[in-house]
Structures are given as structure tokens and as C-alpha cells.
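Only one structure is covered here, and it is reproduced in the block below.
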Amino acid sequence: MKKVVIIGAGFGGLTAAKKLAEEDFQITVIDKTNHHLFQPLLYQVATAALSPADIAIPIRSVFSDHKNVSVLLGEVKSIDKEKKKVFYNGSEIEFDYLIAAPGSKHSYFGQDKWEEYSPGLKTLNDALKIREQILLSLEAAEIEKNPVKRQKYLNFVIVGGGPTGVELAGAISEIVNKNLIPDFRNIDSSMTKVYLVEALPRILSSYSAKLSKRALDDLKNLEVEMILNEKVTDVNENGVRVGDRFIESKIILWAAGNQSSPLIQSLGTETDRIGRAIVKDDLSITEYENIFVIGDAAAIKNKKGEYLPAIAPVAIQQGKYVAKIISENLIGKPHGKFRYKDRGIMATIGKAKAVAEIKGFKLTGLIAWLAWSFVHVLFLINFRNKLRVMSEWIWHYLTNRPGIRLIVKYSGDPND
Ligand SMILES: Cc1cc2nc3c(=O)[nH]c(=O)nc-3n(C[C@H](O)[C@H](O)[C@H](O)COP(=O)(O)OP(=O)(O)OC[C@H]3O[C@@H](n4cnc5c(N)ncnc54)[C@H](O)[C@@H]3O)c2cc1C
């Protein structure tokens, strides 16, 4: 059997592996975590609405019935294209075909030191850290007697007005003010402040102007203060500088930029400005028809000459396409180009509020939110998760009480 190595069991890698698992290949899936993660719902873990197990599933369990699939927990450090080898955790593994789907990481635009004070949201670890920071900040505010010092625990700053920033800003405002604060005695919702900072003149810049305006209005109704057309120029332990203003804050969340996984550098192939492999129209890299890069780590343009967005449907469709090329033995033979079928984009802003563009239709409010909820539950990977997420959402919708408010790593010092 030919050997297929797949790096990363995110949306792209897992889709390819599931398709190829049905065929006569010896497949190895390597991931640095032991779970496939449904990133679109991470912000709900970060805001205590869902628990980690609701949105993640052990990769090993997905392939328990496929004896031709091995799952390895390890971090791939480099790839040798000539010798057809992948190096991970001091070991190596050979491949006939390689699918690299390592995703992306945050970009702090050359200011990596900001990360310490402004975490991004990519992994379960990030989400749990943010959840803990939010809960600890409220606890610190409850104890602090000095109103000036207290305010920095009640200022929440989100940097980046793309879908993740918008979702975080809406959820934090709603959950902190409506759901958490009522349980405190010394602080109230008039004291909290949520800021959304965006360097461009509008939020959700990849959406139509109408939906972007609607999202802005929805956020303003949730009392999120919008800072548009302004760049963050410093982040430190006390807060964030935006233009000539300094906002004191203990909770600064980074949702502003993305760059490809550093692993792509080791491929020694051409990359774009943010480190993604520039792939050919069949997603293979120059001169190596057996090596494919898919998902967030790949740069490929659509018919209009625009780069495809870093979203789950792109990664999923690319995973399916590459699996087909490999399983039908089309390498070296004429085969169709990868074509992305755009089925729309959507972002949620809070309870019963969302915006969506689906096949030219623009949806807002409750209808968009129902569409968003349906799609997100549908794509969760197993039935148990679908059921759990639905029941959590119904409970939350009816009671306004998010259930997951535990501080599990409490250090004793909210300033830590
Ligand atoms: C907070 C958030 C919200 C989002 N919301 C949406 C949304 O609403 N809708 C939407 O369509 N998209 C959304 N996205 C984007 C979407 O999740 C990504 O586009 C998608 O996950 C990309 O899939 P991928 O397979 O390329 O990478 P990923 O899904 O990121 O998977 C990469 C995998 O590779 C593993 N890995 C990385 N490096 C290595 C290595 N060196 N060795 C071994 N394993 C490695 C990682 O552990 C991970 O499991 C969101 C993303 C985030 C972070």
C-alpha cells in the first residue's frame, strides 16, 4: 500500500484522512494535539458558554474502525521533499504522498512581545486561558475598593474587527453584563466597558457594507465601544495604546492578524507575505506533484484573482479534492483544477443576532442567527457533541445562565 502522511487533523487534514481511510492506503495522521477542534465555536469556550469537550473530539476515536490509519501525537518540525520524509519528536516517517494542513497562527505584526498581554484564540488552551482571565478579572474587581484601579479589571479590549473579534466583543459584552455581573455584589454592568479596535474604517470588511453596518449597530446596542480607523501601537501589562489614547485593561484579546504555520518554511517552496505556501491550481507545490498544502497554510486565488479566505469550508473542500486526486491515482495525469464553491459567510454578534451572506442573500438578526446555529451544529463532528451544544444553547437561551464558570487553575493572585 502507498503511504500517505497527513500533517494536521484540522478541517483540511481530517477531511482528507476520512476520505482516504476508505481506500487502500497506509495513512498516518500526525497532530501536535490529540484532538480535532471546531475552531468556530472556540469563542464560546472562552466566554464560558461551552466546555472544551463540546467542541473537540479525540482524533484517534475518529479512526478507531480504520486499521489502515495510524494517529501520532507529535509536532512535525521539518519535511525533506527529496527523501520523502517527515521529522517529528525525534523520529521520522516516509511518505509517497504528503498532505500538509498545519493551519495558521496569530500575527502580531512583528511585535511578538504583545502576545504575553494579549492572547489570541486558536487552541483550547487559548480559550481556557481567556476564560480564566475574564473570570479572574471580575473576581479582582469585586475585591478592589479603589475605583480607578478597579476599572482596569472591568475594561475588556478586543483588537481586530473581523468575524472572531466581532463574535468575541458581542459575547463578552452579553455574557459579562447580563449573565455574570448579577452574581457579584460590588460591581455592576454600568462599570464594565467593552472596546473593539479596528484599524480599517469598518468592521467585517470582507462582508457587504450593509451587513458591516448592521453588525456595528448590533454591537453598539450591546454597548460595545467601537474604535475604528485606529491602530494599536503598544500593548503592555497595564493596557493598550490605540492612537493617542491609553486604555487600562487586564483583558486584551488579539484577533487582528494571521500568519501561516511556521512549518511551511521548511518546505522550501514559494510563500506569500504571511508565510502561506503558494500552491499550484491542484494544491500541489512547485516541482513536487506528490506534496500538497491545503487549508489556512495554502495561498491560492479564485477566478477573480483574490486569495481564498482562511475559513473552514475552503479547508474542507481542499481536503476532499486532494483525497480524490490521490485515491484516483491522478498524479502525473490530466486532472481538473481545484475550484472553491462559495456557499457564503456568516458571523454571530450575540444572542439571536448575526449577519450572513448566503448565495447573494443578506440575512440579519434572528434569521441569520438561526442559520448560523444550524450550520455550526451541523458541522460539529459527532452526534454527541451536536446534542450537547444544542442543549447548552437552549439552556443558555432560556435562562441566560452560562454553565461553565469554573476557575480551575486559580493562582490566588488575579494579577498573575
Ligand atoms: C476563533 C476562530 C473562529 C473561527 N470561526 C470561523 C467561522 O465561523 N467559520 C469558518 O468557516 N471558519 C472559521 N475560522 C477559521 C477556520 O477554523 C480555519 O480556516 C480552519 O480551521 C482551517 O483549517 P486547517 O485544516 O487549515 O487548519 P486547522 O483547522 O487550524 O488545523 C491545523 C491542525 O494542524 C495541527 N498542527 C499545526 N502545526 C503542526 C505541526 N507542526 N505538527 C503537527 N500538527 C500540527 C494543529 O494542532 C491543528 O490540529 C475560525 C478560526 C478561529 C481561530
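Order of appearance sets the numbers: ligands from 1, and atoms from 1 within every ligand. Numbering of residues begins at 1 and proceeds along the displayed sequence.
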N/O to N/O below 3.5 Å, does that happen between S104 and ligand 1?
no

Could you say whether the N/O atoms of A315 and ligand 1 ever approach to under 3.5 Å?
no

Chi angles and distances behind the salt bridge (Lys or Arg N to Asp or Glu O under 4.0 Å) call for D126, K122
CA-CA 6 Å; D126 296 334; K122 268 282 178 225; over 6 Å; no

Could you list which atoms of ligand 1 come closer than 4.0 Å to a heavy atom of E75?
41 (N), 42 (N)

Using distance alone, determine whether E167 and ligand 1 share an N or O pair under 3.5 Å.
no

Is the distance between the ring centroids of Y97 and F292 less than 6.0 Å?
no

Are any of the heavy atoms in G74 under 4.0 Å away from ligand 1?
yes

A310: numbered ligand 1 atoms lying under 4.0 Å from its heavy atoms:
15 (C), 19 (O)

Pair E225 + R245: basic N to acidic O under 4.0 Å
yes

Please report the closest heavy-atom contact between N155 and S249, naming both atoms and the distance.
O-OG, 2.6 Å

With a cut-off of 4.0 Å, which atoms of ligand 1 are near a heavy atom of P313?
11 (O)

For ligand 1 and Q39, I'd like to know whether there is a polar contact (N/O to N/O, distance under 3.5 Å).
yes

Yes or no: does K77 have any heavy atom under 4.0 Å from an atom of ligand 1?
no

Under 3.5 Å, is there a donor on one side chain and an acceptor on the other for D296 and S104?
yes

Output the list of atoms in ligand 1 that are nearer than 4.0 Å to some heavy atom of F11, sorted by atom number.
17 (O), 20 (C), 21 (O), 23 (O), 25 (O), 29 (O)

Salt bridge check, D80 against K84: does any charged N sit closer than 4.0 Å to a carboxylate O?
no

Are Q111 and K113 linked by a side-chain donor-acceptor pair shorter than 3.5 Å?
yes

Value rounded to 0.5 Å, distance of CG in D96 from CD in Q26
9.0 Å

Using a plain distance cutoff, I'd like to know if A312 has any nitrogen or oxygen under 3.5 Å from a nitrogen or oxygen of ligand 1.
yes

Would L42 count as a polar contact of ligand 1, with the cut-off being nitrogen or oxygen pairs under 3.5 Å?
no

Please determine if E92 and K85 form a salt bridge, counting it only when a charged side-chain N lies under 4.0 Å from a carboxylate O.
yes

Basic-acidic side-chain contact under 4.0 Å: K301, E306
no

As an exercise, identify every atom of ligand 1 less than 4.0 angstrom from a heavy atom of A101.
32 (C), 33 (C), 34 (O)

Is V76 touching ligand 1 with its side chain, its backbone, both, or neither, if touching means heavy atoms under 4.0 Å apart?
both

Element-labelled atoms of ligand 1 that are located less than 4.0 Å from some non-hydrogen atom of G295:
26 (O)

Using a plain distance cutoff, I'd like to know if G12 has any nitrogen or oxygen under 3.5 Å from a nitrogen or oxygen of ligand 1.
yes

So the atoms of ligand 1 within less than 4.0 Å of a heavy atom of H376 turn out to be 8 (O)

Could you check whether T33 and D31, counting side-chain N and O atoms only, form a donor-acceptor pair closer than 3.5 Å?
yes

I'd like to know whether H66 forms a side-chain hydrogen bond (donor to acceptor under 3.5 Å, both in side chains) with E22, so could you lay out the CA-CA distance, the side-chain angles of the two residues, the decisive distance to 0.1 Å, and finally the verdict.
CA-CA 8 Å; H66 292 94; E22 306 297 333; 3.2 Å; yes

Just distances here: any N/O of D31 and N/O of ligand 1 closer than 3.5 Å?
yes

Looking at G8, which atoms of ligand 1 are within less than 4.0 Å of one of its heavy atoms?
33 (C), 34 (O), 35 (C)

